[in-house]
Chemist: 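Quick one: structure below, then a few questions.
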Amino acid sequence: MLYYTDFIIYLWMVPVFSFLFLPLALTLVVLPLIRVRHFLLTHRIFTKEKRKHPRLSTSKDTIAQITVASTTCTALVSDISQTGICLKHLPEIFSYKINKMSVVIKKYGVDCNLLIKTKWTELTESGKKIGAEIDAASPEWGQFLLQAEKTH
């Protein structure tokens, strides 16, 4: 049987439960989800590349002539920066193990001679794609970068 005093206690429990215990329970459930989402988003941010110099995409008709020992071929320049270059559509004979390559890029009325060292390779449907660090560049390289930045 329900007494008058029990009824008053139950009436007090409704606001206490709805304003104190329900928000506390929701916080305990939602807080771990927020922490997991925050961890995943910061992990994604920290795995982004950190570059000293901005990367510039070049036009589709920027061609590089690559020479390794007695082998010469052409490739498309994908993107460039002050200290690096990405070349694509290379034949399969070029590998990561090649220490240094000589590259000549003719564009914007400028002939740039570069000596590059391969940092990574990727095999694509249209050939090999490499990323390289520029070891030595001709003085025209700065002018080439300025022209590429203007057209970018």
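Each residue takes its place number in the sequence, starting with 1. Values in this document were obtained by computation on a predicted structure and should not be read as measured data.
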Chemist: Return the CG to CD distance between L146 and E140, rounded to the nearest 0.5 Å.
Modeler: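 Interatomic distance, L146 CG to E140 CD, rounded to 0.5 Å: 13.0 Å.
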Chemist: Which distance, rounded to the nearest 0.5 Å, do you find between the CG of D79 and the CG of L87?
Modeler: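 D79 atom CG to L87 atom CG measures 9.0 Å (nearest 0.5 Å).
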Chemist: The test is side chain to side chain contact (heavy atoms under 4.5 Å, CB included); show your working for K106 and V104 and say whether it passes.
Modeler: CA-CA 7 Å; K106 296 178 182 180; V104 177; 4.0 Å; yes
Chemist: Would a hydrophobic clustering, with Ile, Leu, Val, Met, Phe, Trp and Tyr connected at side-chain separations under 4.5 Å, put L76 with V103?
Modeler: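 Unlinked, L76 and V103 end up in two clusters.
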Chemist: State whether E122 and K129 are salt-bridged, where the test is any N-O pair (Lys NZ or Arg NE/NH1/NH2 against Asp/Glu carboxylate O) under 4.0 Å.
Modeler: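 Salt bridge flag = no for K129 with E122.
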Chemist: Find out if a path of hydrophobic residues (ILVMFWY) with successive side-chain heavy-atom gaps under 4.5 Å connects V77 to I134.
Modeler: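 Result: yes, single cluster for both.
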Chemist: Would you call C73 and L90 a side-chain contact if the rule is heavy atoms closer than 4.5 Å?
Modeler: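 Yes; the side chains approach each other to less than 4.5 Å.
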Chemist: Please round to the nearest 0.5 Å and tell me the distance separating atom CG of L115 and atom OG1 of T67.
Modeler: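 It comes to 11.0 Å.
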Chemist: If every non-hydrogen atom of S18 is compared with every non-hydrogen atom of P23, which pair is closest and at what distance?
Modeler: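 For S18 versus P23, the nearest heavy atoms are O-CD, 3.4 Å.
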Chemist: Got a second to check how far M101's CE is from T72's OG1, nearest 0.5 Å?
Modeler: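 Result: 12.5 Å between the selected atoms.
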Chemist: Quick check for you: to the nearest 0.5 Å, what is the distance between I130 atom CD1 and S78 atom OG?
Modeler: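 Here the interatomic distance stands at 11.0 Å.
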Chemist: Rounded to the nearest 0.5 Å, what's the gap from CD1 on I80 to CD1 on I85? Could you check?
Modeler: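 Those atoms lie 7.0 Å apart.
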Chemist: Minimum heavy-atom separation for S138 and D111, please, with both atom names.
Modeler: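 Closest heavy-atom pair between S138 and D111: OG-O, 4.2 Å.
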Chemist: Identify the heavy atoms of I66 and A75 that sit nearest to each other, and give their distance.
Modeler: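 I66 and A75 have their closest heavy atoms at CD1-CB, 3.8 Å.
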